[in-house]
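The first residue of the sequence shown is numbered 1, and numbering continues consecutively from there.
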Amino acid sequence: MERRLVWTDDENFTLDGVAYAALARNAGPGRLSIFKGRPAIEQYQSLLRLTNPRTIVELGIFGGGSTALLAQLASPTKLVALEIHEARVGALDAFIADHGLGSVVSAYYGVDQADTERVSGIVQHEFDGAALDLVIDDASHLIDETRASFNTLFPHLRPGGSYVIEDWSWPHRSYVFPNPSYRAVTPVSAFALELALVAACADDVVADVTLQRGLAIVHRGPAALDSADFDVASSLDPVGAEMVAALAATRTPG
């Protein structure tokens with residue numbers, strides 16, 4: 001039976017007695033903060049319904065709500081979440097303890113998604129060689145960091161597994177992120193388009209790419225990939241490589 005979110009309004013919902021605040025940086029006591037709007041949350045419901053992932057890696061914990069919601073909706077055998085900030089999220093720790101998920105959900109703090117050696121080590125330790133079903137990147141939203149973790153984690157996906165890049169389209173909306181590091185850099189959307197070009201010429205590596213408003217969903221093809229030195233750019237044909245070089249010169253307006 002599908003688990004149903006009960007929305008009291010577009011910013012508050014519950015699931016099996018757990019209260020969530022959507023689009024909230026600080027949910028307050030008794031609620032988990034999830035910095036996604038209702039449409040994005042419903043996108044994830046659909047994705048999880050279709051893919052039924054058992055092994056999941058999430059990059060970016062923020063207020064802990066997305067990790068908790070993944071644990072509730074997917075009921076995975078293993079969910080590993082990584083966060084660059086060192087301070088633990090007490091609300092998430094409490095959720096894990098209250099639901100007896102200590103052996104299922106592992107949260108790591110102080111981990112930069114671009115630290116490929118550490119990310120790879122955590123995945124090896126937690127999954128012991130088992131393939132991943134789903135990776136969600138809701139971390140930096142910067143192209144170099146996003147590329148680094150993609151090259152590290154994509155080979156660990158099973159063929160047909162899903163790699164999701166959140167907010168790939170933010171430079172093309174009516175707002176930009178306030179962090180100065182997001183300005184005057186190549187937008188992460190250039191990487192999403194690069195992945196689509198890989199799918200066009202090497203679908204054994206990237207089977208397909210679905211670009212939705214908030215999510216870029218990349219499915220792994222059947223090719224054997226070496227996790228030690230994988231670089232998705234090496235799968236581009238000359239035409240694609242030339243186009244990517246041009247995209248790399250694009251900058252987000254300051």
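- Checked by atom type and distance alone, the side chain of R220 pairs as donor or acceptor with a backbone atom of L157 at under 3.5 Å.
- The closest donor-acceptor contact from the side chain of N151 to the backbone of V232 lies under 3.5 Å.
- Test E166, R213, Q212 against Q43 for side chain to side chain donor-acceptor pair (under 3.5 Å) and you get one pass: Q212.
- Screening T14, D9, D10 for a side chain to side chain donor-acceptor pair (under 3.5 Å) involving N12 leaves a single residue, D9.
- Remark: side-chain polar atoms of D237 are paired, donor with acceptor, to backbone N or O of G240 under 3.5 angstrom.
- The hydrophobic cluster containing L32 also contains I41, counting ILVMFWY residues as joined when their side-chain heavy atoms lie under 4.5 angstrom apart, directly or transitively.
- Side-chain contact between V164 and V135: absent, with no pair of heavy atoms (C-beta onward) separated by less than 4.5 Å.
- The shortest distance between side-chain heavy atoms of D98 and I96 does not fall below 4.5 Å.
- Remark: the Q72 side chain and the Y20 side chain contain an N/O donor-acceptor pair separated by less than 3.5 Å.
- Inspection of the H141 and T146 side chains reveals no N or O donor paired with an N or O acceptor under 3.5 Å.
- Side-chain atoms of D138 and D167, non-hydrogen and from C-beta on, do get closer than 4.5 Å to each other.
- The shortest side-chain heavy-atom distance between L247 and T186 does not fall under the 4.5 Å cut-off.
- Considering only heavy atoms from C-beta on, Y163 stays 4.5 Å or farther from H156 through its side chain.
- Distance CG/D115 to OG/S149: 11.0 Å, rounded to 0.5 Å.
- Residues S103 and K78 bring no donor and acceptor atom of their side chains to less than 3.5 Å of each other.
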